[in-house]
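Data first, discussion second: the structure below is written as structure tokens.
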Amino acid sequence: MSRPAASLTRSAPAFRKALARWFARHRRPLPWREAPSAYRTVVSELMLQQTQVATVLPYFERWTQRWPGFADLARADEAEVLAAWAGLGYYRRARLLHGLAKAVAALPAPPTTAEGWVELPGVGPYTAAAVSSIAFGHPAAVVDGNVVRVLARLAGHRRTFASTAAAVRVVTPLAAALLDPRRPGDHNQAMMELGALVCRKASPACDRCPVSRWCASRGAAASIPAFAPKPRRSEQVDRALVVDRRRVLLRRHAKDSPRLAGLAELPLLASLRLKAGKLVAVRKRAITTTTYVERLHLVPAAKVRAAARRQPDLEWVSLADLPFAAVSGPHLRWVTELVGKVAGESKG
DNA sequence: AAATCGGGGTT
DNA sequence: AACCCAGATTT
């Protein structure tokens, strides 16, 4: 590297000042910043795990209006909580957040340190540092995807990281050394905001970077950090689309299922003991490293009535109720789009 | 350490 | 089409 990280850590006070000045001017007016509270910080952080800001915004507004505080959420019905999360993805988070609210509501007061927060459901190292620093001024440095990128570039790490976890381990000491202990919440948000707005993955705006004078990657930033490619798989999935008297047959996952917890989706053809039907659509859906090629088969209701009675996780949902039935986002769209086509071909 | 979990925006 | 996002949990 062209500049050792040591010179950066010696410049920590000046670095913090330049970053803070930039953040004060460029910070986005996000709802969890404008009316901050411990609860709103927690909700935003859980929703923002692996999920982009723009995606979270409408969910955050609906959620906090419906459940304004820990106690309100703690009293909520689990099915309602899961339905309110439908479409956000990583559905385990909904149950974890519900459990977190119950745990906090049972305490005399919420934890104030990262060590306290990390004990709660759904809270890992990142979220514990974020909540404790932003809501309570606890001096814990956050290391998310943005911060990894910013710090790897500042330090000039040109090697290929085996995983994001490996990169987090490497840059965490630098994150801690740079943290502004007097205003850790703002400092952490400024680091992430810098990654989101300036030190972007594909097109870093180094000419607008407030800390470029300490950066060892000037001119090569776009290629840092490098990660080993992950193996990717493709898998074919066959599902049944069954419509009967303005109702559609869905399979609902258990509330504690590792995937699609509490949500409903179109049932697998195999689960209905069917080989194939009339192919009505083929969609691709990427889930992490696997691309699922989903084929939707139109199946006459008569062929599945017995199975629907036998299998308790199968349920008929009226088309009018679909938007409120905690149906996985893509499946909700598929059914909505295909129902007209189906109605024409199966007489209703 | 590696695998898994959604959905969508960006490039 | 590939990559990655305010990561955590389980294996």
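So that the names make sense, note that chain A is the first sequence line, chain B the second, and so on, each numbered from 1. A quick note: this is a predicted structure, and the numbers were derived from the prediction, not measured.
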Protein-nucleotides 2-5 of chain B N/O pairs under 3.5 Å:
| unit_1 | atom_1 | unit_2 | atom_2 | d |
| --- | --- | --- | --- | --- |
| B/dC5 | O3' | A/P258 | O | 3.4 |
| B/dC5 | N3 | A/Y90 | OH | 3.4 |

At a cut-off of 3.5 Å, list every protein nitrogen or oxygen paired with a nitrogen or oxygen from nucleotides 9-11 of chain B, distance to 0.1 Å.
| unit_1 | atom_1 | unit_2 | atom_2 | d |
| --- | --- | --- | --- | --- |
| B/dG9 | O4' | A/Q52 | NE2 | 2.9 |

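Across all strands shown, A/G87 has heavy atoms under 4.0 Å from sugar-phosphate atoms exclusively, and none from any base. Among the protein residues, A/L30 comes within range of the nucleic acid bases, having at least one heavy atom under 4.0 Å from a base atom. Counting any heavy atom pair closer than 4.0 Å across all strands shown, A/G124 reaches sugar-phosphate atoms only and no base atom. Across all strands shown, A/W32 has heavy atoms under 4.0 Å from base atoms, whether or not it also approaches the sugar-phosphate. Nucleic acid contact for A/V147: none, since no nucleic acid atom lies under 4.0 Å from a heavy atom of the residue.
A/R95 has no side-chain polar atom (N or O) that falls below the 4.0 Å cut-off from OP1 or OP2 of C/dA8. Within the structure, a side-chain polar atom (N or O) of A/S328 is placed less than 4.0 Å from OP1 or OP2 of B/dG7. Remark: A/R285 is in phosphate contact with B/dG7, judged by side-chain N or O atoms under 4.0 Å from OP1 or OP2. Residue A/Q50 has a polar side-chain atom (N or O) positioned under 4.0 Å from OP1 or OP2 of C/dG7.
Contact check on A/E315 versus A/R252 returns a salt bridge, with a Lys/Arg side-chain nitrogen under 4.0 Å from an Asp/Glu carboxylate oxygen.
Nearest-nucleotide assignment on DNA chain C puts the 5′-proximal partner with A/K201, out of A/K201 and A/L120. Summary of the strand contacts: A/R169 and A/T51 both lie near DNA chain B, and taking for each the nucleotide with the nearest heavy atom, the more 5' one is attributed to A/R169.
Aromatic rings of A/Y59 and A/W85 (six-membered ring for Trp) have centroids beyond the 6.0 Å cut-off, not under it.
When the P atom of C/dG7 is taken as reference, atom CG of A/L48 falls 8 Å away, rounded to whole Å. Distance A/Q49 CD to C/dA6 C1': 8 Å, rounded to the nearest Å. For the pair A/L88 CG and C/dG7 P, the computed distance is 13 Å after rounding to whole Å. Here the C1' atom of nucleotide C/dC3 and the CZ atom of A/R149 are 12 Å apart, to the nearest Å. Going from atom CG of A/D144 over to atom P of C/dA6 covers 6 Å, rounded to whole Å. One atom, CG of A/L46, and another, P of C/dG7, lie 12 Å apart when rounded to the nearest Å. Between the CG atom of A/L332 and the C1' atom of B/dG8 there is a distance of 16 Å, given to the nearest Å. The nearest whole Å value for the distance from the NE2 atom in A/H98 to the P atom in C/dA8 is 21 Å.
Relative orientation of the A/Y39 and A/F70 rings is perpendicular, given thresholds of 30° and 60° on the angle between their planes. Ring geometry for A/F15 versus A/H187: interplanar angle of 30 to 60°, hence tilted.
A/L249 and A/V243 fall into different hydrophobic clusters, where Ile, Leu, Val, Met, Phe, Trp and Tyr residues are linked whenever their side-chain heavy atoms come under 4.5 Å apart, directly or through other members. In terms of hydrophobic clustering, with Ile, Leu, Val, Met, Phe, Trp and Tyr side chains grouped at heavy-atom distances under 4.5 Å, A/V327 and A/V248 are assigned to a common cluster. Under the 4.5 Å side-chain heavy-atom criterion for grouping Ile, Leu, Val, Met, Phe, Trp and Tyr, A/V168 is not connected to A/I224 through any hydrophobic cluster.
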message: Run the side-chain contact (heavy atoms from CB on, under 4.5 Å) test on A/H253 and A/R251 for me, step by step, so that the C-alpha distance in whole Å, both residues' side-chain angles and the decisive distance to 0.1 Å come before the verdict.
response: CA-CA 7 Å; A/H253 291 253; A/R251 184 171 92 84; 3.4 Å; yes

task: Walk me through it: do A/V299 and A/L241 pass the test side-chain contact (heavy atoms from CB on, under 4.5 Å)?
output: CA-CA 6 Å; A/V299 174; A/L241 179 62; over 6 Å; no

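Across C/dC3, B/dG7, C/dA6, the shortest atom-to-atom separation from the side chain of A/P330 is found for B/dG7. Taking the side chain of A/Y126 as heavy atoms from C-beta on, and the options B/dG6, C/dA6, C/dA1, the nearest nucleotide is C/dA6.
Scanning both residues, A/L82 and A/G262, for their nearest heavy atoms gives CD1-CA, 3.7 Å. A pairwise comparison of heavy atoms in A/V147 and A/M191 identifies CG2-CB, 4.0 Å as the closest pair.
Spacing of P atoms, B/dT11 relative to C/dA6, comes out at 13 Å, to the nearest Å. Between the P atoms of B/dG6 and C/dT10, the separation comes to 14 Å (whole Å).
Listed by residue number, there are no residues of residues 60-67 of chain A with a heavy-atom contact under 4.0 Å to DNA chain C.
No donor-acceptor contact under 3.5 angstrom links the side chains of A/S318 and A/R245, judged on distance only.
In this structure, the side chain of A/H331 does not engage the main chain of A/E265 through any donor-acceptor pair within 3.5 Å.
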